[in-house]
There are 2 protein chains.
Amino acid sequence: MVTKESKQRGRPRSFDRATALEKAILAFWENGYEATSVADLTRAMGIGAPSLYSAFGDKQSLFEEVVREYGVRYGSFTDRALEEEPTARAAVERILREAAVEYTDPAHPHGCLVIHAATNCTSREVEESLRARRNAWITVFESRIRADIATGELPADTDASALARHTGVIIQGMSQQARDGATRQQLEAVADLAMAIWPRPTRPDAPNHT
Amino acid sequence: MVTKESKQRGRPRSFDRATALEKAILAFWENGYEATSVADLTRAMGIGAPSLYSAFGDKQSLFEEVVREYGVRYGSFTDRALEEEPTARAAVERILREAAVEYTDPAHPHGCLVIHAATNCTSREVEESLRARRNAWITVFESRIRADIATGELPADTDASALARHTGVIIQGMSQQARDGATRQQLEAVADLAMAIWPRPTRPDAPNHT
DNA sequence: CGTATTTCCTAGTGGTCACTACAAAAATCA
DNA sequence: TGATTTTTGTAGTGACCACTAGGAAATACG
């Protein structure tokens, strides 16, 4: 759409698109999709309504871009853990620990935008989009766990589906608690407890990560 | 306010207040406080707006009554379990099992009204009221667990605070999952897993409940 | 019957919602 | 400079929001 090469022809934009988007992320994160009005957004982003609409489209497409950028800037710790850690158990443990920190970081609204921003929303489209994202997490966890069962890292009788869903329950419950005022230490204690249900590896040479 | 004794003087009410309230519960439960408009409510309750306002006050006081009645009709299983079960562990296990059933009951909206109905709400008052309710659960769990530590039912080194919060996380995560489409069986499997973190009793004669 | 009382329906109230028409402003290009 | 292009701020749009005034309707009392 807008190419950065050479000078633009018309009047230059008076705001930085990226920082305006960041402000929009914080606004939606704090109050959710529905409860954040376009007037709230223009105030938070420091631009007029016509500028918002010309730069980001309508409210819904701005929100979609917000969710994408949120995933990159604040939600990528899950993907990183799943890629970098050697086992599903280690990955989940790291995810829960980083979630405890991230969800209670005073630098931004508490909890997870994807979990809370569109609960009880009049736009079914927006609600469904975030629901699909949340359910995709569970599927990713499950396939990661199945991979560890295949290698013998986890016992053959491990219920991958239940373990994955339990992980999702813990993450989403932690996010809710963070919004309700739980501290980082309290969430870390919950993460500790939650990890206790993971079965021990069957291979005696398997890494232990305790 | 309205006494049931003897006949009323004026024109009789053309709707049953209790069933209208029940319809309001379902509407708020389905879509939350903010996203349920008064027009939605009058449609669901089958009455005109002036009747709604004269019978229930404004939208917020109707919602407060909805939350109270919801607690009695759909949320009392937690109180019952805490009263009737001999140990905190048994109570929590029963709560999780009944939550799995209740949160996925096709007869009404999924999940818990108190957890979801006012997340990301423009009315701070309503949001705070429900937040206080949720946080009260954790406190009740914790004191119940401390009581069991005192009797020796649970080990002296049990982290009552963390265990109570973990229980809250599980319940709230299960409610979120129920809204996202998890089945009763899936939630029951999560409840099974979650109970595995409970420490064994120290008193050898203590009931076991497995 | 008439009167008092309460509820009902109609038709609004002002306010906020997401969104935009329009023209001045600010840049590049000739 | 003047023409072109894009962004800007102003000032709205109709739609929906929670809520209500006012009078007709339906009951009980005397």
Side-chain angles (χ1 to χ4, degrees), chain A residues 1-21 24 27-28 31-66 117-118 120-127, chain B residues 1-21 24 27-28 31-66 117-118 120-127:
Chain A
M1 193 161 284
V2 169
T3 53
K4 284 278 168 76
E5 35 163 323
S6 86
K7 300 290 187 71
Q8 278 291 100
R9 266 276 277 191
R11 174 173 176 173
R13 179 172 282 152
S14 67
F15 62 95
D16 180 51
R17 197 178 183 283
T19 63
L21 182 60
F28 277 126
N31 295 113
Y33 177 74
E34 209 78 43
T36 305
S37 71
V38 173
D40 294 333
L41 289 167
T42 57
R43 201 177 310 120
M45 300 162 84
I47 62 179
S51 301
L52 187 154
Y53 280 88
S54 88
F56 298 101
D58 62 2
K59 182 185 176 183
Q60 183 170 328
S61 60
L62 168 59
F63 181 72
E64 283 163 13
E65 191 168 345
V66 157
N120 303 129
C121 193
T122 53
S123 162
R124 291 296 166 201
E125 200 171 338
V126 170
E127 196 166 9
Chain B
M1 192 159 287
V2 169
T3 52
K4 285 279 168 78
E5 36 163 321
S6 87
K7 299 290 187 74
Q8 278 290 99
R9 264 278 277 194
R11 175 173 175 173
R13 178 172 283 153
S14 67
F15 62 95
D16 180 51
R17 197 178 182 283
T19 63
L21 181 61
F28 277 126
N31 296 113
Y33 177 74
E34 210 78 44
T36 305
S37 71
V38 173
D40 293 333
L41 288 166
T42 56
R43 201 177 311 119
M45 299 164 83
I47 63 178
S51 300
L52 187 154
Y53 281 88
S54 87
F56 298 101
D58 62 1
K59 183 185 176 183
Q60 183 169 330
S61 59
L62 168 59
F63 181 72
E64 283 163 13
E65 191 167 347
V66 158
N120 303 128
C121 192
T122 53
S123 162
R124 291 297 166 201
E125 199 172 337
V126 169
E127 196 166 8

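The chains referred to below are lettered A, B, ... by the order of the sequence lines, with proteins before strands, and numbering in each begins at 1. This is a predicted model, so every value here is computed, not measured.
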Base, sugar-phosphate or nothing for [X]? Non-hydrogen atoms, less than 4.0 Å.
| X | result |
| --- | --- |
| A/Thr122 | nothing |
| B/Ser123 | nothing |
| B/Ala49 | base |
| B/Pro50 | base |

Notebook entry, point to check: Sequence neighbours excluded, which residues qualify as side-chain hydrogen bond (donor to acceptor under 3.5 Å, both in side chains) partners of B/Ser37?
Noted result: B/Asp40
What is the distance, rounded to the nearest whole Å, between atom [atom1] of [X] and atom [atom2] of [N]?
| X | N | atom1 | atom2 | answer |
| --- | --- | --- | --- | --- |
| B/Leu52 | C/dT7 | CG | C1' | 14 Å |
| A/Met45 | D/dG9 | CE | P | 13 Å |
| B/Arg11 | D/dA28 | CZ | P | 13 Å |
| B/Phe15 | C/dT6 | CZ | C1' | 12 Å |
| A/Arg17 | D/dT8 | CZ | C1' | 17 Å |

Do any side-chain nitrogens or oxygens of [X] fall under 4.0 Å of OP1 or OP2 in [N]?
| X | N | value |
| --- | --- | --- |
| B/Arg13 | C/dT7 | yes |
| B/Ser37 | D/dC17 | yes |
| B/Tyr53 | D/dC19 | yes |
| B/Ser14 | C/dC8 | yes |

Next item on the list: Sorted by first residue and then second, give each side chain to side chain donor-acceptor pair (under 3.5 Å) pair with at least one member in residues 47-57 of chain B; sequence neighbours left out.
Entry: none
Check: So among A/Val66, A/Ile47, A/Leu52, which one has a side chain to side chain contact (heavy atoms under 4.5 Å, CB included) with A/Leu41?
Finding: A/Leu52
Note to self: Measuring from the side chain of B/Lys59 (C-beta onward, heavy atoms only), which nucleotide among C/dT28, D/dA28, D/dA18 has the closest atom?
What the structure shows: D/dA18
Check: Do any N or O atoms from the side chain of A/Glu34 and from the backbone of A/Thr122 form a donor-acceptor pair under 3.5 angstrom?
Finding: yes
